[in-house]
Amino acid sequence: MKTAMKVANLPRLVPLLYIVFLLIPIYWLVNMSFKSTNEILGAFSLWPQEFTLDNYRKIFTDPTWYNGYLNSLAYVAINTVLSVSAALPAAYAFSRYRFLGDKHLFFWLLTNRMAPPAVFALPFFQLYSSIGLFDTHIAVALAHCLFNIPLAVWILEGFMSGVPQEIDETAFIDGHSFPRFFVRIFIPIIASGIGVAAFFCFMFSWVELLLAKTLTSVEAKPIAATMTRTASTAGYELGLLAAAGTLTIIPGALVIYFVRNYIAKGFALGRV
Amino acid sequence: MIDRKPNPKAWLLLLPMLALVAFNAVLPLMTVVNYSVQETFGDNVFFWSGVEWFRQVLLSDRFHQSLLRQIIFSAAILAIEIPLGVLIAITMPRRGIGVAFCLVLMALPLLIPWNVVGAMWNILALPDIGLLGRAVNGLGVSYNFTQQPLAAWITCVVMDVWHWTSLVVLLSYAGLCAIPQPYYQAAKIDGASRWAVFRYIELPKMKHVLTIAILLRFMDSFMIYTEPFVLTGGGPGNTTTFLSIDLVKIALGQFDLGTAAAMSLIYFLIILLLCWVFYTVITRKGQQ
């Protein structure tokens, strides 16, 4: 009887063990962030012996650090708004109409999602320098559109194809103009799809570093780049690095919490 | 099903999207094509050089080696992440507060900036101050990822498993949740074993999302750059220099424009080919 119960409970252990595995590196990072660099390099301990908030204090008082966060959040926000608003009408066109070259266009869009950022780093640097946008938030936001718009179109198209066409037709018969129908009726219906698309734009813009680093130097430098530069110049301030890393997890965690009920569907790109 | 009507004016709806993506995709790509067929001696003076750069890249040992490393890496993480992700998705609870708990915690690694992932694993795996490094060495296994190629490889693979298995889990979970309950009831009446339920109900129903998962993971791992770069810097030696790391070294490190551009195009063509396979598979599924 007892062994039978154990066998029945065994599957429950798998996700639990996986979550423990996920949390170990995060715990270690948070642990380090509460230690001074001396303590980290001096003695090995599983939790902070001399608990300190100095690392966080430094980040919140030093403009080069906290500006990094503001810069990152700024271009992520601009990119999310740009990507979703450009993707909305496009996704509608793909989900409702047939037109010359629609399939090829959709394929071309997808290839941009799959293009390695490393391929684009150098030409992007030259392109944005030549039009005078180098080292601005808008440059990074525009560059991230390369992979976020295709993704947003793809997700939104999936959600829109789940909305019955009769809704559009009824609205047009009732005399709504297209823009009015789109904004007043259609957008509220696919609000959850927009949420999921925005979540993914936020996610991929927030985690990307290669392009963001290549396109900025001082004014719009993202937090991630501040971290790599500090690592090389100021010796190796591990405690500070760990604190900055811990803080970069927080915006993501908040966003996940708000969209938790839609995550699974969004990951299936609305096409399950 | 949506009955899509022919409408040439639909192009108007695409204009904002096209303007943005074309600006970002077409212009830089043309720059790359330009560089790949020209030779320069500085001062912005360029000479036509034809396919010389392509020949050099395709024949260079360096490119072969980083391509080989890249293929082995992608194959290794697929072989681990896909089965593991499916296993976790199947054992996850379907309802109750456990669901939100699992989803939120599992999605966490996906939203950590990639260089932080690298830095995090770096301090976890350091042999002197890292928990993992200490633990493995404590077990009597000599482990130092900054010096041993094998250790560096294993650390990279484990890091990627940590980072991305959740994507496979969430996709598979979404697929599983879409299976109607009567399927399971029918299986129960037939007295089907757990394995039979998986093999004949769950796996076929997950085929579509698993295709997405495999191809997304394959392509994203094929262009991996930041995480291994921060973790190992491509070392020890060149042992973890994957394609993107090598390309950035050539393009931004050595400023070898011709070689970098030719390599970019070859790299991009490989991805395009895979993307085409991806797209065909997905649209075929949609028509069935």
J.: Please answer whether the main-chain N or O of A/R98 pairs with a side-chain N or O of B/R4 as donor and acceptor at a distance below 3.5 Å.
T.: no
J.: Heavy atoms only: give me the nearest A/A143-B/N24 pair and the separation to one decimal.
T.: CA-OD1, 3.7 Å
J.: Looking at CG of A/L16 and CD1 of B/I88, how far apart are the two atoms once the value is rounded to the nearest 0.5 Å?
T.: 11.5 Å
J.: Would you please name every residue forming a side chain to side chain contact (heavy atoms under 4.5 Å, CB included) with A/A118, sequence neighbours left out?
T.: A/L210, B/S244, B/L247, B/V248
J.: Against chain B, work out which of A/V163, A/L82, A/I249 has the most heavy-atom pairs shorter than 4.5 Å and name it.
T.: A/I249
J.: Heavy-atom distance under 4.5 Å to chain A: side chain of B/V26, backbone, both or neither?
T.: side chain
J.: Within a 6.0 Å radius of atom CG on B/L269, are there more than 12 heavy atoms belonging to other residues, nucleotides or ligands?
T.: yes
J.: Measure distances from B/D128 to the heavy atoms of chain A and classify the residue's part below 4.5 Å as side chain, backbone, both or neither.
T.: backbone
J.: Just so I know, are the side chains of A/R113 and B/L216 near enough to count as touching, which here means a heavy-atom distance under 4.5 Å?
T.: yes
J.: Any chance you could measure A/L238, atom CG, to B/L126, atom CG, to the nearest 0.5 Å?
T.: 7.5 Å
J.: Tell me the closest heavy-atom pair linking B/L111 and A/I256, and the distance in Å.
T.: CD1-CG1, 3.1 Å
J.: Which region of A/L46, side chain (C-beta onward) or backbone (N, CA, C, O), has a non-hydrogen atom less than 4.5 Å from a non-hydrogen atom of chain B, or is it both or neither?
T.: side chain
J.: If you tally heavy-atom pairs under 4.5 Å against chain B, which of A/F178, A/F147, A/W108, A/F125 wins?
T.: A/W108
J.: Please report the interatomic distance CG(A/L29) to CG(B/N122), rounded to the nearest 0.5 Å.
T.: 11.0 Å
J.: Restricting to non-hydrogen atoms, name the atom on B/L13 and the atom on A/Y97 that form the minimum distance, rounded to 0.1 Å.
T.: CD1-CE1, 4.1 Å
J.: Could you tell me which non-hydrogen atom of B/M106 sits nearest to which non-hydrogen atom of A/P15, and how far apart they are?
T.: CE-CB, 4.1 Å
J.: Please check if the side chain of A/W206 supplies one atom and the backbone of B/I112 the other of a donor-acceptor pair under 3.5 Å.
T.: no
J.: Going through the checks in order, is the side chain to side chain contact (heavy atoms under 4.5 Å, CB included) test met by A/F21 and B/V158?
T.: CA-CA 11 Å; A/F21 167 64; B/V158 173; 4.1 Å; yes
J.: Counting heavy-atom pairs under 4.5 Å with chain B, which one of A/V119, A/T214, A/V153 comes out on top?
T.: A/V119
J.: Can you list everything that forms a side chain to side chain contact (heavy atoms under 4.5 Å, CB included) with A/D168? Sequence neighbours excluded, please.
T.: A/Y92, A/R96, A/F172, A/F181, A/F186
J.: Of all of A/I223, A/V255, A/L109, which one pairs up most often with chain B through heavy atoms under 4.5 Å apart?
T.: A/L109
J.: Would you indicate whether the side-chain heavy atoms of B/T31 and A/L127 approach each other to under 4.5 Å?
T.: no
J.: Do A/M32 and B/M120 have side chains that approach each other closer than 4.5 Å (heavy atoms only, starting at C-beta)?
T.: no
J.: Report the distance from atom CG of B/N7 to atom CG of A/D102, rounding to the nearest 0.5 Å.
T.: 11.0 Å
J.: Which residue out of B/L108, B/L132, B/L243 racks up the most heavy-atom pairs below 4.5 Å with chain A?
T.: B/L108
J.: State, yes or no, whether a side-chain contact exists between A/I131 and B/F23 at a heavy-atom distance under 4.5 Å.
T.: yes
J.: Which heavy atom of A/F99 sits nearest to which heavy atom of B/W11, and what is that distance?
T.: CD1-NE1, 3.4 Å
J.: Answer with side chain, backbone, both or neither: which region of B/L105 has an atom nearer than 4.5 Å to a non-hydrogen atom of chain A?
T.: both
J.: Which one, A/A115, A/A242, A/A91, A/S85, leads in non-hydrogen pairs under 4.5 Å with chain B?
T.: A/A115
J.: Under a 4.5 Å cutoff for heavy-atom pairs, which residue among A/Y128, A/F107, A/F94 has the most contacts with chain B?
T.: A/F107
J.: Does any N or O in the side chain of A/W28 come within less than 3.5 Å of the main-chain N or O of B/W121, such that one atom is a donor and the other an acceptor?
T.: no
J.: Please classify the contact between B/P6 and chain A as side chain, backbone, both or neither, with a heavy-atom cut-off of under 4.5 Å.
T.: both
J.: CG/B/N115 to CG/A/L209 distance, rounded to the nearest 0.5 angstrom?
T.: 4.5 Å
J.: When rounded to the nearest 0.5 angstrom, what is the spacing between CD in A/E208 and OH in B/Y225?
T.: 10.5 Å
J.: Does any heavy atom of chain A fall under 4.5 Å from the side chain of B/T165, the backbone, both, or neither of them?
T.: both
J.: Does any N or O in the side chain of B/W162 come within less than 3.5 Å of the main-chain N or O of A/L22, such that one atom is a donor and the other an acceptor?
T.: yes
J.: Among the options B/P109, B/A25, B/P16, pick out the one with the most heavy-atom pairs lying under 4.5 Å from chain A.
T.: B/A25
J.: Could you have a look at B/I90, B/L131, B/L20, B/V169 and say which one has the most heavy-atom pairs with chain A under 4.5 angstrom?
T.: B/L131
J.: Could you report the tightest heavy-atom contact between A/P116 and B/M223, atom names first, then the distance?
T.: CA-SD, 3.3 Å
J.: Which of the residues B/L272, B/I129, B/V230 is involved in the greatest number of heavy-atom pairs with chain A at under 4.5 angstrom?
T.: B/I129
J.: With no hydrogens and no angle check, do the side chains of B/T91 and A/Y18 hold a donor and an acceptor under 3.5 Å apart?
T.: no
J.: Pick one of side chain, backbone, both or neither for A/I19, based on which atoms fall under 4.5 Å of a heavy atom in chain B.
T.: side chain
